[in-house]
Amino acid sequence: MNILVIGNGGREHALIWKIAQSPYVERIFCAPGNGGIAELATCVQIDVTDLKGLTQFAVREKIDLTVAGPELPLTLGVVDAFRREGLVVFGPRRDAAILEGSKTFTKDFLAKYNIPSAAYRNFDDPEEAVRYIHDTPPPYVLKADGLAAGKGVIICRNRNEAFQGIDDIMKTRKFGEAGKRLVIEEFMTGEEASILAVTDGERFVTLPPAQDHKAVFEGDKGPNTGGMGAYAPAPVVDERLLEQIKTTIIQPTIDGMKAEDRLYQGVLYAGLMITAEGPKVVEFNCRFGDPEIQAILPLMKTDIVDLMMEVADGKLKPLEPEISHDSCICVVMASGGYPGSYQKDKVILGLEDVRDQDVMVFHAGTKRSGDQTVTSGGRVLGVTATGRTFLQAREKAYQAVGKITFDGAYYRRDIGHRALKLRSEG
Ligand code: AMP
Ligand code: GLY
């Protein structure tokens, strides 16, 4: 088979690393790819939003399966465009990807189908949002309706912060058109977890529960990023809780989308808050989580091409994927300054010194420059390790991180701190 992966991050590198292990695969292409992906796939310079360029390429190269990594092409309708050309593609169509593309849609959907989530109100008018804040006690969670690269959520402890947030999102349009509409929701407390379900629109299977670390600084301080590290399985979601999540959240969502005539196929990523009243939806994403998937795929024994083909054909086998009993952790190395401004083109040294067979260095923001690999983005590498125990995996990952350097490299030293705490308490 010829496979095309759309995207250029650590998620896409991990997917291609896994796809390359499938005996079905002959050639792998990535549009546009990065410095690490170039070692496993042919990178083609087509932008992820260039739907015409992507479909033309897939027709010309006789691509048998396309996987769209990021949310942007999915919400633009890349799956619809590919299907119109008779091409096989893994991911939700445009009217289903709205679960990530519009938070106001999703909140109304969750309410309609009685799926647990934070209490909320949607607004198109900033003055109305301001009046609501006057009438409601803090804290508040403000969310721009549309895509904002994981940065469109503002947590406000008091009214003044909320007024400022409404101004930033709806008037100054800090997140562009994404801020045309606004959700204000109740602040939930608890531990977060990411559940990735793979679905053909009716049946689904789940991947090992993962936990991301969104804040840039240790102790979960500072602004949110795309994710500074992840690990799986996350002990916060035990077997019983996973069953509850499946029956109260995942299945009703898939069924509800079908009932709305928005058949949802691909990955349904449920970002959850495990509250005292049980698991509640924080957000949905219409794609594999990044960095979560970097910490999930090394545990997966099942052939991912098989799984994705079943979904694309709408015939998912009701067999849970085969998962190893190991633990996996991914530590993100980022450019100093991220998620604010940062410098690029820093030479990355030490990549060849990481030789442990249990360690994978997935590239996110890198590119080749002559015979060197240099930084080209905020999140640069996902240093990922597996181990028989969580502690072993963690030690190996940080050992590898210690061997890699680039000017201004920054990483959190506390990835997995909740799992560590749980262990010391348990
Ligand atoms: P989102 O982009 O919707 O996942 O939100 C980004 C982050 O903001 C989440 O990972 C949570 O840490 C936090 N967050 C979002 N909504 C809420 C909420 N209702 N209560 C508490 N924290 C939230
Ligand atoms: N790691 C969070 C996300 O993929 O949105």
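All values reported here derive from a predicted model rather than from experimental measurement. Counting starts at 1 for both ligands and their atoms, following the listed order. Computation of the quantities below employed the complete heavy-atom set of this structure, encompassing side-chain atoms and omitting hydrogens, waters and symmetry-equivalent molecules.
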Pairs under 3.5 Å, N/O atoms on ligand 1 and on the protein: can you put them in a table with the distances?
from     : atom 1 : to     : atom 2 : distance (Å)
ligand 1 : 2 (O)  : Glu283 : OE1    : 3.4
ligand 1 : 3 (O)  : Lys103 : NZ     : 3.3
ligand 1 : 3 (O)  : Lys143 : NZ     : 3.3
ligand 1 : 4 (O)  : Glu283 : OE1    : 3.2
ligand 1 : 4 (O)  : Glu283 : OE2    : 2.8
ligand 1 : 10 (O) : Glu192 : OE1    : 2.6
ligand 1 : 10 (O) : Lys214 : NZ     : 3.1
ligand 1 : 12 (O) : Glu192 : OE1    : 3.3
ligand 1 : 12 (O) : Glu192 : OE2    : 2.5
ligand 1 : 16 (N) : Lys143 : NZ     : 3.0
ligand 1 : 16 (N) : Glu185 : OE2    : 3.4
ligand 1 : 19 (N) : Glu185 : OE2    : 2.7
ligand 1 : 19 (N) : Glu186 : O      : 2.8
ligand 1 : 20 (N) : Met188 : N      : 2.8

Present, as a list of atom pairs with distances to 0.1 Å, all nitrogen or oxygen contacts under 3.5 Å between ligand 2 and the protein.
from     : atom 1 : to     : atom 2 : distance (Å)
ligand 2 : 1 (N)  : Asp212 : OD2    : 2.7
ligand 2 : 1 (N)  : Gly226 : O      : 3.2
ligand 2 : 1 (N)  : Asp290 : O      : 2.8
ligand 2 : 1 (N)  : Glu292 : OE1    : 2.7
ligand 2 : 1 (N)  : Glu292 : OE2    : 3.4
ligand 2 : 4 (O)  : Arg287 : NH1    : 2.9
ligand 2 : 4 (O)  : Asp290 : N      : 2.9
ligand 2 : 4 (O)  : Asp290 : O      : 3.4
ligand 2 : 5 (O)  : Asn285 : ND2    : 3.3
ligand 2 : 5 (O)  : Arg287 : NH2    : 2.8

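With respect to Asp95 and Arg262, no salt bridge is recorded, no charged nitrogen being found less than 4.0 Å from a carboxylate O. The residues Asp124 and Arg181 are annotated as salt-bridged, a charged nitrogen and a carboxylate oxygen being separated by less than 4.0 angstrom. A salt bridge links Asp220 to Arg412: one of the charged nitrogens lies within less than 4.0 Å of a carboxylate oxygen. Contact check on Glu283 versus Lys214 returns a salt bridge, with a Lys/Arg side-chain nitrogen under 4.0 Å from an Asp/Glu carboxylate oxygen. Ion pairing between a basic and an acidic side chain is recognised when a charged N comes within 4.0 Å of a carboxylate O; Glu177 and Arg173 show such pairing.
Residues Thr75 and Ala97 come closest through the heavy atom pair CG2-O, 3.9 Å.
Here the side chains of Tyr269 and Phe284 are not in contact, with every heavy-atom distance at 4.5 Å or above. Residues Arg121 and Val183 form no side-chain contact, since every pair of their non-hydrogen atoms from C-beta on lies 4.5 Å or further apart.
Side chain to side chain, Lys301 and Ser324 fail the donor-acceptor criterion of an N or O pair below 3.5 Å.
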